[in-house]
S.K.: 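Sharing a structure below in structure tokens format, with a few things to ask.
Lettering of chains follows the sequences in order, A, B, ..., and the numbering in each one begins at 1.
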Amino acid sequence: MPKAASPKIASANDLLGGQVVYLQRNGTWGLDRSLAAVSDDSDELEALIAAAPREPQVIDVALIDVALDDGEAPRPTALREIIRDRGPTVRPDLGRQAAHDAQQFDGSSYHV
Amino acid sequence: MYEYDQFDRAYVKARVATFRDQVARRISGALTEDEFKPLRLQNGIYLQLHAYMLRVAIPYGTLSSAQMRQLAMIAERWDKGYGHFTTRQNIQYNWPKLADLPDILDALADVEMHAIQTSGNCIRNVTADHFAGAAADEIEDPRPTAELIRQWSTDHPEFAFLPRKFKIAVTGSPNDRAVTKAHDIGLRMVRDDAGEPGYEVIVGGGLGRTPVVGVVVRDFVPKVQLLAYLEAILRVYNLHGRRDNKYKARIKILVKEEGLDTFREQVETEFASLLELGGGPSLVPDPAVVARIEAAFAPPAFEEFAQHDADFATAYAENAEFAAWCDSNVAQHRVPGYGIVTISLKAVGAIPGDASADQMRVVADLAERYSHDELRVSHEQNLILPHVARRDLATVHAALREVELATANAGQIGDIIACPGLDYCALATARSIPIAQDIAQHFADPAYARTIGEMKIKISGCINSCGHHHVGHIGILGLDRAGRENYQITIGGDHTETLKIGERLGRGFDADEVVPAIERLVTTYLDAREGPGETFLKVVNRLGTAPFKDALYPTKETADAA
């Protein structure tokens, strides 16, 4: 029996700053993961990527697996994507995590 | 210190101007990413997890105070206030913005630095013994050779697109601090029977997914023929190296597949042909150029001191912390009354190889005042003050202490090499830094670390082996195992002139199991050694890996007996 497809979102890096961006439900690229378009249909996400405006320019586009918790933003499941999303586990003062409560991103939470 | 001539200056500035235009065209959309990527890589710019990363070459690991201050300025103005010193004597900035990169490269050019050939399938930054020009055991300073190779290899048109990256290291001492046997070419300065200086040439070493110990391809190449011999090796590699499979493209695979004798024969044929043609000016360097390079590395004006200094002796006797630092972090200098200071970038809790802008500035000031304006970066991710008078050691130690750089652990268990790992690197499969921090924290007691003695732990976050785990006394390789970080442990690796690849002991460990595993290895060693002079590596060489394997993977019988 084929394995059920995991829900996915599209991620990339912004050309100018390099930081991680997500393809949003409105079809544009943005920083807010909570607004990311989620689908378990890769073709559907690829079509959204193809239709997205060229600004901002993005590079290294990839589909990543996410978990969906009730009422929460789609959450990357692979450690690599968690670190890309938040910032280095060894420097909670750097990356996107620095803008949030660094305490909730302490190193222990990265053991997956 | 070598200083750029007019050609060097104009060349590096022109490269920055070209790149500035390329960046502008990328941002405007005139260049696609596919078109731009090779151009940025030619300027040392990678895309990593969080941002771009700029890798700056520090040729043969030598820096002036002014250069270090500029590195600090760049860290503060265009990055996040720190830089990361790597095992290849580079510094990496983890967070630059694309639009700022031309300005950063311009700032580097202002102090005669660049990021050329820090990426790509070309001859990379030439590395050398970090104690060069200072070590008591040195036959000759390897840096003039490294500088000559830098000039020959920079933008060498024939070798700009090799089958894979190509790394050259040079040592001028019989005690190899440049890991020459783990490079594509390793050069050891030697003298022939007549006392003439030249090189033993080692080829085909390397770590990565297929670790190989380099082999001697020629016992002796006279100095004047070095570039011709290197060119011969590179030509054979460029012609016969595999391009169909990147994992089999390094020269180590070519040497293994062809066999050393066949490879040597091909090189010698090419070498003879080059000599017959007279080599030309690029292969037989103008003696005036060689003289200029050698003059740039002439020893500084050392003062004449007695080996005994009363102030030093008093400080050593009265300040145990200073004495411990001298014992571990100060090496013997060739000139009486001087020492070579290793500044550990491995304080407990620190990220191996990271230095803040403030720390860089303090180190620059100390180098200017107390080390003839010279600094080095070691492949072990530490900084070096190569020429410090013993009378000044206490002052230097106190200043380093103020910025948490006086950790007395050089060569000990806390002095861990760790690649950036999954926290920063797009290639990594597991984190390295937190493992290094956990181990350093566990063995933070200086007395315990001193009891353990010399211990080289090296950690890589993937099989590419940037953390040199294969040649660690204890090596740790981080992998992804079904979505979990998993760490394989090897022991018995050796990165010196007796280079050896470590042996894997068994299944890997989860992250939280690594420190207890290291503790079991250490305990086994302490129980087995025949005295404090017998290091961990010596015990492994004497007993083999069996007792350590038993300690990590006890059978039911041994567990019951314990």
Side-chain angles (χ1 to χ4, degrees), chain A residues 3 6 8 11-22 29 31 33 49-50 52-62 64-67 75-100 102 105-112, chain B residues 23 26-29 31-34 36-37 40 45-54 79-82 84 94-101 349-352 354 418 420-438 461 478 480 482-485 510-512:
Chain A
K3 195 176 162 189
S6 306
K8 292 179 174 21
S11 89
N13 289 77
D14 176 74
L15 174 71
L16 295 180
Q19 70 267 35
V20 178
V21 289
Y22 299 104
W29 291 95
L31 294 166
R33 179 164 42 86
I49 292 166
R54 291 183 174 214
E55 291 294 335
Q57 295 187 66
V58 296
I59 49 179
D60 268 18
V61 178
I64 62 170
D65 290 339
V66 290
R75 182 169 51 81
T77 52
L79 178 59
R80 179 179 191 275
E81 298 307 327
I82 295 169
I83 292 173
R84 281 182 80 221
D85 182 73
R86 297 178 182 179
T89 65
V90 290
R91 288 292 302 264
D93 57 322
L94 300 178
R96 205 192 309 256
Q97 62 195 337
H100 300 284
F105 295 135
D106 69 49
S108 60
S109 66
Y110 285 89
H111 291 294
V112 295
Chain B
V23 169
R26 176 69 188 103
I27 291 172
S28 76
L31 287 177
T32 66
E33 184 59 19
D34 283 348
F36 179 66
K37 189 174 176 181
R40 68 167 158 79
I45 296 155
Y46 295 70
L47 181 68
Q48 297 286 17
L49 293 186
H50 313 294
Y52 290 101
M53 180 200 84
L54 172 64
D79 209 80
K80 293 191 184 289
Y82 73 103
H84 175 74
N94 287 316
W95 307 86
K97 292 183 170 54
L98 182 61
D100 292 335
L101 281 160
I351 293 175
D354 276 13
L422 194 52
D423 277 301
Y424 290 99
C425 178
L427 298 176
T429 45
R431 288 175 295 163
S432 302
I433 297 166
I435 300 297
Q437 290 173 317
D438 288 351
D480 178 310
R484 289 178 72 88
E485 293 169 291
D510 282 349
D512 57 1

S.K.: Among Leu49(B), Val23(B), Asp480(B), which has the most heavy-atom pairs under 4.5 Å with chain A?
M.R.: Leu49(B)
S.K.: Quick one: which of Ile59(A), Val20(A), Asp85(A) has the most heavy-atom pairs under 4.5 Å with chain B, could you say?
M.R.: Ile59(A)
S.K.: For a 4.5 angstrom cut-off between non-hydrogen side-chain atoms, does Leu79(A) reach Arg431(B)?
M.R.: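 A side-chain contact under 4.5 Å exists here.
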S.K.: Determine the minimum heavy-atom distance between Gly17(A) and Ala51(B), stating which atoms define it.
M.R.: O-CB, 3.8 Å
S.K.: So for Gln57(A), is it side chain, backbone, both, or neither that comes closer than 4.5 Å to the heavy atoms of chain B?
M.R.: side chain
S.K.: Heavy-atom pairs under 4.5 Å with chain A are the metric here; pick the option from Pro434(B), Ala99(B), Pro420(B) that has the most.
M.R.: Pro434(B)
S.K.: What's the separation between atom NE2 in His50(B) and atom CD in Gln19(A), rounded to the nearest 0.5 Å?
M.R.: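 If we round to the nearest 0.5 Å, His50(B):NE2 and Gln19(A):CD are 12.0 Å apart.
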S.K.: Spell out, as yes or no, whether a donor-acceptor pair under 3.5 Å connects the side chain of Tyr52(B) to the backbone of Leu15(A).
M.R.: yes
S.K.: According to salt bridge (charged side-chain N to carboxylate O under 4.0 Å, His left out), who are the partners of Arg91(A), at least two apart in sequence or on a separate chain?
M.R.: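 Partners of Arg91(A) under the salt bridge (charged side-chain N to carboxylate O under 4.0 Å, His left out) test: Asp93(A).
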S.K.: Tell me, side chain or backbone of Gln437(B) under 4.5 Å from chain A's heavy atoms, or both, or neither?
M.R.: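 Answer is side chain: those atoms of Gln437(B) sit under 4.5 Å from chain A.
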S.K.: Between Ile27(B) and chain A, with a heavy-atom cut-off of 4.5 Å, which part of the residue counts as in contact: side chain, backbone, both or neither?
M.R.: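 For Ile27(B), the contact with chain A is made by backbone and side chain together.
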S.K.: Only distances under 3.5 Å count here; give the side-chain donor-acceptor pairs of residues 422-430 of chain B to other protein atoms, sequence neighbours excluded, each with its distance to 0.1 Å.
M.R.:
from, atom 1, to, atom 2, distance (Å)
Asp423(B), OD1, Thr89(A), N, 2.6
Asp423(B), OD1, Thr89(A), OG1, 2.7
Asp423(B), OD2, Thr89(A), OG1, 3.2
Tyr424(B), OH, Tyr82(B), OH, 2.8
Thr429(B), OG1, Gly461(B), O, 3.0
Thr429(B), OG1, Gly478(B), O, 3.0

